There are 2 protein chains.
Amino acid sequence: MKQATRTLLRQYNLRITQSRSLVLQAMLSTKTPLTHKEIHRKILKTDGSISLVTVYRILEAYENIGLVHRHLSTGSFILCSLQGEKGHHVMLSCQDCGTVAECIDKDFCKHEDRIAKSAGFSPKAHLSELIGICSSCS
Amino acid sequence: MKQATRTLLRQYNLRITQSRSLVLQAMLSTKTPLTHKEIHRKILKTDGSISLVTVYRILEAYENIGLVHRHLSTGSFILCSLQGEKGHHVMLSCQDCGTVAECIDKDFCKHEDRIAKSAGFSPKAHLSELIGICSSCS
DNA sequence: AATTTAAATGCAAAATATTTGCATTTAGAA
DNA sequence: TTCTAAATGCAAATATTTTGCATTTAAATT
């Protein structure tokens with residue numbers, strides 16, 4: 001079992017199991033969003049053993065605690081690259097290589113809030129994704 | 001068949017059919033996101049007749065032309081309230097009443113672009129949703 | 001107004017995706 | 001080492017989405 005995955009699991013107060021480690025490994029080894037089935041297949045290919053049902057259950061847990069996020073445009077999963085960092089996470093999806101990165105901007109919420117206020121809306125949470133071309137592809 | 005729906009369909013150069021009108025009526029009569037099945041049930045309840053398969057096909061078409069949008073946090077459908085208006089549509093989802101409105105802000109893209117640029121990213125399209133309390137609920 | 005034709009629809013069935021119940025295994029505390 | 005709640009796997013149940021094909025229909029044409 002990879003050490004990096006144990007560390008992550010411990011950080012999030014999750015029981016350290018083979019299956020959970022395998023799911024993390026599968027997601028750490030790519031920057032593109034993955035479906036349940038893709039993660040399952042990836043694990044089997046690398047000689048791991050896991051049931052698809054377990055992948056469902058693990059991803060649900062990871063999503064609830066914010067360890068993974070759903071990619072807005074596809075609904076697939078990405079490992080959040082900014083664990084624990086406060087602030088509004090913005091996804092940057094590259095149309096060319098498929099990579100999804102996340103970034104945080106301090107001022108962003110302020111602008112969102114201003115826009116919201118002008119519509120009489122009080123925002124508590126935010127979802128955003130920018131779709132375009134990443135630095136390595138341009 | 002309601003006149004408002006005929007007008008919308010004509011605007012979008014879609015054949016004017018009973019089914020398409022019924023889907024629009026179902027969506028016009030609520031401000032909360034609806035699933036395929038919810039739209040189907042709603043139509044049957046109001047004495048309309050349509051098959052669930054047709055609801056799938058119509059929503060796919062409506063989504064492709066931007067007449068409806070997918071609500072980011074749930075994946076359900078909302079009728080875009082800003083048809084044809086250019087610019088970045090931001091969804092405002094009320095946690096209290098469930099209403100989803102859309103608004104446009106001219107400056108928003110500029111801020112997003114600035115944030116993106118600082119990460120070396122060139123944005124082409126945007127998705128955003130603010131989750132909070134709407135004006136009528138607060 | 002009748003004719004024609006491509007597009008739209010419905011139905012049944014297939015294919016996929018997701019959830020559930022229950023027996024077994026396992027991580028980690030005692 | 002022992003114990004227990006949590007995690008897992010399997011099989012089956014549900015739910016969702018797609019597909020093939022026959023029929024119907026909107027609307028263009030005559």
Side-chain angles (χ1 to χ4, degrees), chain A residues 1-27 33-65 67-71 73-77, chain B residues 1-27 33-65 67-71 73-77:
Chain A
M1 200 185 298
K2 290 274 174 60
Q3 184 56 37
T5 63
R6 303 180 74 95
T7 308
L8 259 180
L9 291 171
R10 201 169 293 117
Q11 261 176 35
Y12 279 87
N13 278 310
L14 294 172
R15 273 170 107 108
I16 293 163
T17 70
Q18 183 68 28
S19 300
R20 284 178 179 166
S21 168
L22 288 171
V23 169
L24 285 180
Q25 272 180 244
M27 299 190 80
L34 298 171
T35 63
H36 298 97
K37 223 197 318 184
E38 285 165 346
I39 291 169
H40 184 232
R41 284 212 207 91
K42 216 159 183 296
I43 292 172
L44 298 186
K45 267 189 200 160
T46 57
D47 292 329
S49 165
I50 195 172
S51 125
L52 178 58
V53 182
T54 301
V55 175
Y56 271 91
R57 293 195 270 227
I58 289 177
L59 286 173
E60 193 189 357
Y62 285 179
E63 193 183 4
N64 288 337
I65 60 179
L67 178 49
V68 306
H69 288 157
R70 264 176 197 271
H71 181 225
S73 40
T74 63
S76 305
F77 296 94
Chain B
M1 199 185 301
K2 291 276 174 58
Q3 184 56 37
T5 63
R6 302 182 73 97
T7 308
L8 259 181
L9 291 170
R10 201 168 293 116
Q11 262 176 34
Y12 279 86
N13 277 311
L14 293 173
R15 274 169 105 110
I16 293 162
T17 70
Q18 184 67 27
S19 301
R20 285 179 177 166
S21 168
L22 288 170
V23 170
L24 285 180
Q25 273 181 242
M27 300 191 80
L34 298 170
T35 63
H36 298 95
K37 223 200 314 188
E38 285 165 345
I39 292 169
H40 184 231
R41 285 213 206 90
K42 215 161 185 296
I43 292 172
L44 298 186
K45 268 190 199 160
T46 57
D47 292 329
S49 165
I50 195 173
S51 126
L52 179 58
V53 182
T54 301
V55 174
Y56 271 90
R57 292 195 270 227
I58 289 176
L59 285 174
E60 193 189 356
Y62 285 179
E63 194 184 4
N64 288 338
I65 60 179
L67 178 50
V68 306
H69 288 157
R70 265 174 196 271
H71 181 225
S73 39
T74 62
S76 305
F77 296 93

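Here the structure is a predicted model, which is why all the values come from computation and not from measurement. In the text below, chain A, chain B and the rest are named by the order of the sequence lines, each starting its count at 1. Scope of the values below: all heavy atoms of this structure, side chains included, with no hydrogens, waters or symmetry mates.
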Notebook entry, point to check: Could you give the distance from NE2 (A/His36) to CG (A/Leu59), rounded to the nearest 0.5 Å?
Noted result: 5.0 Å

Margin query: Test your reading of the model: is there a side-chain donor-acceptor pair from B/His40 to the backbone of B/Ile50, 3.5 Å cut-off?
Written below: yes

Next item on the list: Specify the separation, in whole Å, of atom NE2 of A/His36 and atom C1' of D/dT17.
Entry: 16 Å

Next item on the list: Select one nucleotide: of C/dA27, C/dT20, D/dA27, the one nearest the side-chain heavy atoms of B/Ile16.
Entry: D/dA27

Notebook entry, point to check: Base, sugar-phosphate alone, or nothing: which one does A/Arg20 contact when heavy atoms must sit under 4.0 Å apart?
Noted result: sugar-phosphate

Next item on the list: Would you name the heavy atoms of B/Ile16 and B/Arg10 that are closest together and state the gap between them?
Entry: CD1-NH2, 3.5 Å

Check: The side chain of A/Val53 lies closest to which of these nucleotides: D/dA11, C/dA27, D/dT18?
Finding: D/dA11

Check: Are more than 12 heavy atoms from other residues, nucleotides or ligands located less than 6.0 Å from atom CD of B/Gln11?
Finding: yes

Next item on the list: Check the distance between C/dT9's P and B/Leu14's CG and give it to me in whole angstrom.
Entry: 10 Å

Item checked: Least distance between heavy atoms, B/Ile39 atom then B/Ala26 atom -> CG2-CB, 4.2 Å

Check: Roughly how many Å is it from OH in B/Tyr56 to P in D/dG20, rounded to a whole number?
Finding: 17 Å

Check: What's the CZ-P distance between B/Arg10 and D/dA26, to the nearest Å?
Finding: 13 Å

Check: Between B/His40 (NE2) and D/dA15 (C1'), how many Å, whole number?
Finding: 15 Å

Notebook entry, point to check: Atom NZ of A/Lys37 and atom P of D/dT16: how far apart are they, to the nearest Å?
Noted result: 18 Å

Notebook entry, point to check: What is the distance from CG of B/Leu59 to P of C/dT9, rounded to the nearest Å?
Noted result: 11 Å

Note to self: Between C1' on D/dA26 and CD1 on B/Ile58, what's the gap in Å once rounded to a whole number?
What the structure shows: 14 Å

Next item on the list: Tell whether A/Arg15 reaches the base of D/dA7 with its side chain through a donor-acceptor pair below 3.5 angstrom.
Entry: no

Item checked: Proximal nucleotide (of C/dA8, D/dG20, D/dT8) relative to the A/Arg57 side chain -> D/dT8

Next item on the list: Identify, between B/Leu52 and A/Ser51, the residue whose nearest nucleotide on DNA chain D lies closer to the 5' end.
Entry: A/Ser51

Margin query: Is there a side-chain contact between A/Thr17 and the phosphate of D/dT8, meaning an N or O under 4.0 Å from OP1 or OP2?
Written below: yes

